[in-house]
Amino acid sequence: MNAKRRIRSIVYVIVCLLLAGTMALMVYRDRQEKNAYSSAVRELQAEVKPYEKELEALESELDSLEAEGSVSSDAAAIMAGFTVTEAADLSYIKERAEAYDFSPVLVIDCTMDLSLIGEILEAAEETWEIMLYVPEFSEETNVDVVSVLSYLESLEREHTDIFFLRSDSSSASNIQLLLDDGFTGYTVYNGDSLEAGQTEEGAVYFDYSYLSSTGVSASDRLAALYTNRSSMIFVFDMESIHSGTLTEADVTSLFDTLQEYAAYDDCSFSTVADVVENIIEIGEKEAARQAAYEERAATIQERVDELTEIISDIYDRIMEY
């Protein structure tokens, strides 16, 4: 009986030892597998890290490119114009130009007699710019515009190529008429939201304020002009000045305000020619900036797509473990 017990004890011990050995071997193999998995994951994480870092930098650069603003003017430009009705108006205009140090723009109504236009041009300073308009521009009144264009050519007198187009006449068809006539731009009216630039067809445009009534206030327009670094022509109606509808106090007050704004380095009196040149230059710079942005953005996006695929493949390999 004792012998049997000893045998059972020995067998029990052997079984326990075998089980313990098996368990130890399993634990060892599990630990080895875990170490191998951890090592492989660390290697893959190390492998993916530079790709993720590059991807983050490229996405940040792409966001910065998208956030960059358009090219804009460095300064606001003020042009002073007068709708001239007779040669006698020029002495009044000259006094204001000398007092406030600006070069005036003579805005001439193309429906006037050519002889009267000739008198005005003969009395005007050669350096003063000529801008054409009609009170109500249409296909019918465009005949008058074409007639004046031919007359100016016969006199070898240049004009601004910017037509003073009132807001109530600024339809797409009327603008096309002007472009067909050879004008390269026109004026617009946008309330307190001033605009200046070029259309897709390349036509230059900028804002205007037409001043023909007493008590006129342009402070909001001037503030928007100054803030937006835009361009605007203020056109004084001489008939309104003669009739007293636009009082001398109004004119003086507005010119004092214009001069006050022009005292800043980022807001000044300008000529139409300089404004047009600046708008075209801005358009060219903006086109170049946009082209450079699109080229760089495409290159970045191509690499971002590559990196995204590489990173995805690496994480798929991690998941396979």
Side-chain angles (χ1 to χ4, degrees), residues 22-77 172 175 179 184-185 188 190-207 223-231 265-267 274-321:
T22 301
M23 289 295 294
L25 181 60
M26 290 176 64
V27 170
Y28 173 76
R29 287 181 176 175
D30 183 63
R31 185 171 297 170
Q32 288 290 94
E33 288 176 358
K34 286 183 177 178
N35 289 339
Y37 171 78
S38 297
S39 177
V41 169
R42 283 194 296 272
E43 288 179 4
L44 290 173
Q45 287 175 336
E47 182 181 346
V48 79
K49 189 173 182 179
Y51 294 119
E52 290 180 327
K53 188 175 182 180
E54 182 183 355
L55 178 61
E56 183 180 352
L58 288 175
E59 288 178 336
S60 177
E61 183 180 352
L62 196 58
D63 289 341
S64 297
L65 287 174
E66 290 176 351
E68 285 183 2
S70 300
V71 178
S72 60
S73 177
D74 294 330
I175 291 173
L179 296 179
T184 59
V188 295
N190 293 292
D192 294 333
S193 177
L194 304 186
E195 293 183 9
Q198 286 180 281
T199 64
E200 292 183 0
E201 295 76 22
V204 173
Y205 61 87
F206 51 81
D207 252 83
L225 172 71
Y226 180 77
T227 302
N228 297 346
R229 302 291 190 269
S230 189
S231 303
D265 291 337
D266 46 8
C267 187
D274 286 343
V275 167
V276 170
E277 182 180 356
N278 185 51
I279 291 173
I280 292 174
E281 183 179 351
I282 289 173
E284 292 173 347
K285 288 181 179 179
E286 173 59 21
R289 184 202 69 82
Q290 184 65 24
Y293 160 75
E294 291 175 358
E295 181 179 359
R296 180 56 182 157
T299 301
I300 290 174
Q301 190 59 54
E302 184 179 355
R303 182 56 178 164
V304 164
D305 293 341
E306 289 179 7
L307 290 170
T308 301
E309 186 174 351
I310 291 171
I311 291 169
S312 178
D313 289 343
I314 293 174
Y315 277 107
D316 286 344
R317 284 157 57 193
I318 291 176
M319 295 298 294
E320 289 174 0
Y321 281 93

Any donor-acceptor pair under 3.5 Å from Asp207 side chain to Asn190 backbone: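 Yes, because the side chain of Asp207 sits within donor-acceptor range (under 3.5 Å) of the backbone of Asn190.
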Under the side-chain contact (heavy atoms from CB on, under 4.5 Å) test, residues paired with Ala196 that sit two or more places apart: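 Checked Ala196 against side-chain contact (heavy atoms from CB on, under 4.5 Å); matches are Phe206, Ser230, Ser231, Ile279.
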Over 12 non-hydrogen atoms of neighbours within 6.0 angstrom of OH in Tyr51: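 Result for OH/Tyr51: open.
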Crowding at CD, Glu56 (>12 non-hydrogen neighbours, <6.0 Å):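 Not more than 12 within 6.0 Å, no.
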Got a second to check how far [X]'s [atom1] is from [Y]'s [atom2], nearest 0.5 Å?
X	Y	atom1	atom2	value
Ile282	Arg289	CD1	CZ	13.0 Å
Glu281	Asp274	CD	CG	11.0 Å
Leu62	Tyr293	CG	OH	6.0 Å

Heavy-atom pair of closest approach, residues [X] and [Y]:
X	Y	value
Val275	Ala77	CG2-CB, 3.7 Å
Leu58	Ile300	O-CG2, 3.7 Å
Leu225	Ala76	O-CB, 3.4 Å

Glu52/Lys49 under salt bridge (Lys or Arg N to Asp or Glu O under 4.0 Å): CA gap, chis, key distance, verdict: CA-CA 5 Å; Glu52 290 180 327; Lys49 189 173 182 179; over 6 Å; no
Contacts of Glu61 that satisfy salt bridge (charged side-chain N to carboxylate O under 4.0 Å, His left out) - sequence neighbours left out: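 Glu61: salt bridge (charged side-chain N to carboxylate O under 4.0 Å, His left out) contacts with Arg296.
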Please tabulate, for the side chains in residues 305-312, all donor-acceptor contacts under 3.5 angstrom to protein atoms that are two or more places apart in sequence or on a different chain.
residue	atom	partner	partner atom	Å
Asp305	OD1	Gln301	NE2	3.0
Glu306	OE1	Arg303	NH1	2.9
Thr308	OG1	Val304	O	2.7

